[in-house]
Amino acid sequence: MNDSFALLSALEKLKLFDWSTHPRWWPDDDPFRILVEVVLTQQSRWEKVQESIGHMERLGMLGLNELLAAEQWRLASAIVPSGLYNQKAQRLILLCRNILEDFGSLESFMENVSRDWLLRQKGIGPESADSILCYMLGREAMVVDNYTVRLLEAFGYTFEHYDEVQNWLQEGIDANLEEVLGWEGYGDLVTVYARFHGLIVEYGKRHAGKKGM
């Protein structure tokens, strides 16, 4: 495997995901739900996150103002399945409060927020920031996670920092962008990055502990 374009090509050929259901892989379309899911997914499984989301929905917490109106202990109780519930409840409330204070509304946040602002928020690291940018906001951000690092290590690629992995992934795509954008359903760079990350995760979940492709 010479570059990330070769990796994306190989993953796409495996037909790991039905894009007709979710063209950009993330299985939610509501922006605020995605924001909450990104935080809850940290060190947790998707199934557990959805249990927490279900509890929040039944309690009427799935909105910026609604979450801020909730008592922290009640939010923590709702998201117990996701783990680290006290910490995540505190960080969700702080994040929502900062969104309201700095942007005035969720809509303004979505239009004006920067990656730097996200990285300044407690509990939001590069992976979470790029997930918010890509899946919630529809911006060109390639997400790097543990599945990505492990897969690249299986091919002999090692990196010291998140940004180095991200740059490697983006460089191969950028060098072959015209061809990739010609693939069915890959009409823009946001979709390319979203699908690339999604395919890596889907492959990782199916082949945990195995090497190569």
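Heavy-atom basis, side chains included; hydrogens, waters and symmetry copies ignored. Positions are given from 1, in the same order as the sequence printed here.
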Do Asp18 and Ser20 get their side chains close enough for a donor-acceptor pair, meaning under 3.5 Å? yes

d(Ile132 CD1, Glu127 CD) to nearest 0.5 Å is 11.0 Å

Would you check if Val38 and Met136 make a side-chain contact, meaning some heavy-atom pair closer than 4.5 Å? no

Over all atoms of both residues, closest heavy-atom pair of Ser82 and Val49: OG-CA, 3.6 Å

Testing the 3.5 Å rule here: is there a donor-acceptor pair between the side chains of Trp25 and Glu202? yes

Ignoring hydrogens, what is the shortest heavy-atom contact between Leu181 and Gly187? Give both atom names and the distance. CD2-C, 3.8 Å

Do Arg195's NZ or CZ and the ring of Tyr193 fall within the cation-pi criteria of under 6.0 Å and 45°? no

Could you walk me through whether Ile173 and Leu189 pass the side chain to side chain contact (heavy atoms under 4.5 Å, CB included) test, one step at a time? CA-CA 9 Å; Ile173 298 305; Leu189 193 53; 4.2 Å; yes

If only atom types and distance count, is the side chain of Glu111 paired as donor or acceptor with the main-chain N or O of Glu107 below 3.5 Å? no

Under a single-linkage definition using a 4.5 Å side-chain heavy-atom cutoff for Ile, Leu, Val, Met, Phe, Trp and Tyr, are Trp46 and Ile34 assigned to the same hydrophobic cluster? yes

State whether the number of non-hydrogen atoms from other residues, nucleotides or ligands found under 6.0 Å of Glu47 atom CD is greater than 12. yes

Closest heavy-atom pair, Tyr157 versus Asn2, reported as atoms and distance to 0.1 Å, is OH-O, 3.4 Å

Is there side-chain contact between Trp19 and Glu12, with heavy atoms separated by less than 4.5 Å? yes

Do Phe103 and Met110 have side-chain heavy atoms sitting under 4.5 Å apart? no

Donor-acceptor pair, Gln72 side chain versus Ala89 backbone, under 3.5 Å? no

CG/Asp3 to CH2/Trp168 distance, rounded to the nearest 0.5 angstrom? 6.5 Å

Could you state the interatomic distance from CG (Leu8) to CD (Glu179), rounded to the nearest 0.5 Å? 10.0 Å

Ignoring hydrogens and angles, tell me if any N or O in the side chain of Lys88 forms a donor-acceptor pair with the backbone of Leu40 under 3.5 Å. yes

Heavy-atom pair with the smallest gap, counting every atom of Ala6 and Met1: CB-CG, 4.0 Å

So, does Gln42 use its side chain to make a donor-acceptor pair with the main chain of Gly123 at under 3.5 Å? yes

Assess whether atom CD of Glu101 is packed by more than 12 heavy atoms of other residues, nucleotides or ligands within 6.0 Å. yes

So do Ile99 and Trp117 actually touch side chain to side chain, heavy atoms under 4.5 Å? yes

Tell me whether Asp188 contacts the main-chain N or O of Val190 through its side chain, where contact means a donor paired with an acceptor under 3.5 Å. yes

Please examine the side chains of Val192 and Glu140, heavy atoms only from C-beta on, and report whether any two atoms are closer than 4.5 Å. no

With distance as the sole criterion, is a donor-acceptor pair present between the side chains of Tyr135 and Glu37 under 3.5 Å? no

Output yes when a side-chain donor or acceptor of Ser4 lies under 3.5 Å from a complementary backbone atom of Gln170, and no otherwise. no

OG1-OH distance between Thr148 and Tyr162, expressed to the nearest 0.5 angstrom: 8.0 Å

About how many Å separate CG of Leu64 and CG of Leu35, when rounded to the nearest 0.5 Å? 8.5 Å

Heavy-atom closest pair (Leu152 atom, Val165 atom, distance to 0.1 Å) is CD1-CG1, 3.7 Å

Is the shortest distance from a Lys or Arg side-chain nitrogen in Arg150 or Glu153 to a carboxylate oxygen in the other one below 4.0 Å? no

Common cluster, Leu84/Val80, ILVMFWY with side-chain heavy-atom separation under 4.5 Å: no

May I ask you to test the Leu68-Ile93 pair for a side-chain heavy-atom distance under 4.5 Å? yes

Membership question, hydrophobic clusters at under 4.5 Å side-chain separation (ILVMFWY): are Leu119 and Met142 in the same one? no

Checking Arg139 side chain against Arg115 main chain: does a donor-acceptor pair fall under 3.5 Å? no

Under 4.5 Å between side-chain heavy atoms, counting indirect links through other Ile/Leu/Val/Met/Phe/Trp/Tyr residues: same cluster for Trp183 and Leu16 or not? yes

Looking at CZ of Phe109 and CG of Leu95, how far apart are the two atoms once the value is rounded to the nearest 0.5 Å? 6.5 Å

Do the side chains of Leu94 and Leu75 join up, straight or via other hydrophobic residues, at under 4.5 Å, putting them in one cluster? no

Are side-chain heavy atoms of Leu7 and Leu151 found at a separation under 4.5 Å? yes

More than 12 non-hydrogen atoms from neighbouring residues, nucleotides or ligands closer than 6.0 Å to OH on Tyr85, yes or no? no

Considering only heavy atoms from C-beta outward, does the side chain of Asn167 approach that of Glu171 to under 4.5 Å? yes

Which heavy atom of Ala78 sits nearest to which heavy atom of His55, and what is that distance? O-ND1, 3.0 Å

